[in-house]
Amino acid sequence: MDSHNGTHAFCAKIAIALTFALVAALVHVPGRAAAQAQPVNPGQQVVIVQQPAPGYSPYTPVSPEPQRRERGPNVGLIVTGSVMLGVGWIVNGFVGIFAGSSIDGVDDERWDAFRYSSWVPIAGPWIQLAVKPTAFDSDDWGTWLIFDGLLQAAGTALLIAGIATSGGDEEPAFSILPSAGPHHAGLSVAGRF
């Protein structure tokens, strides 16, 4: 029983000590210490002025006039468009080589026009859809060709837009951004018209 009362007494002493330490820390605020150190006469006004932080200047420096850059093509759109067009074209060319091939390596001659047109940029996927010897829904070629055709068309549009618009100091007239979510994917266009 005595150890229980001793523990309570010890905790009470620690709580009192922490309270005094907290009060002492709150009373010793750096701007009040100087004012409390000097005696104040009745009728005398005390003004406490805090010093500004080191390196602070109340004067705003005048920035020089921004230099004008020469306007040229928008490199960001050109690079993005070139990559989209190039990747779509090269992947379609290499994937199209294996169209109509069987496991034993024998090629079906009906697929020759399909294979050769896979190396045509931009219009190649659409030509392949027209010359494909099987029905649209009989294999996955139709879905791939539509995706690749849209990828190459978007790349071409970005490439042309990059050449036509300027990459100067002003905001671009329009932007094409990818848009993706849990149930959708596509491109969104925003800008000033």
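Applying the salt bridge (Lys or Arg N to Asp or Glu O under 4.0 Å) definition to pairs two or more places apart or across chains, those involving residues 130-147 are K132-D139. Residue pairs meeting the salt bridge (Lys or Arg N to Asp or Glu O under 4.0 Å) criterion with at least one partner in residues 147-162, sequence neighbours excluded, are absent. Listed by first and then second residue, the salt bridge (Lys or Arg N to Asp or Glu O under 4.0 Å) pairs that reach into residues 78-88 come to none, sequence neighbours excluded.
Smallest separation of non-hydrogen atoms from M84 and A154: CE-CB, 3.6 Å. Closest approach of W141 to A99, counting heavy atoms only: CZ2-CB, 3.7 Å.
With sequence neighbours excluded, the residues satisfying side chain to side chain donor-acceptor pair (under 3.5 Å) with D112 are R115. Here Y116 pairs with nothing under the ring-ring contact (aromatic ring centres under 6.0 Å, His included) rule; sequence neighbours left out. Taking the side chain to side chain donor-acceptor pair (under 3.5 Å) definition, one finds that S82 meets it with nothing, sequence neighbours left out.
Linking Ile, Leu, Val, Met, Phe, Trp and Tyr whenever their side-chain heavy atoms come within less than 4.5 Å puts V95 and L150 in one cluster. Grouping the Ile, Leu, Val, Met, Phe, Trp and Tyr side chains by contacts below 4.5 angstrom, directly or via other members, places I97 apart from V87. No continuous path of ILVMFWY side-chain contacts below 4.5 Å connects W89 to L158, so the two sit in separate hydrophobic clusters.
Distance OG/S118 to CZ/F98: 10.5 Å, rounded to 0.5 Å. With rounding to the nearest 0.5 Å, the separation of CD1 in I160 from CG in L77 is 12.0 Å. Taking CG of L85 as the reference point, atom CD1 of I90 lies at 9.0 Å (rounded to 0.5 Å). Rounding to the nearest 0.5 Å places OG1 of T165 at 7.5 Å from CD1 of I78.
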Side-chain donor-acceptor distances from residues 120-130 under 3.5 Å, at least two apart:
from	atom 1	to	atom 2	distance (Å)
Q128	OE1	N92	ND2	2.8
Q128	NE2	F114	O	3.2

Step-by-step side-chain contact (heavy atoms from CB on, under 4.5 Å) determination, I146 to F136: CA-CA 11 Å; I146 290 174; F136 180 80; 3.7 Å; yes

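For the pair F94 and W119, the minimum side-chain heavy-atom distance is below 4.5 Å.
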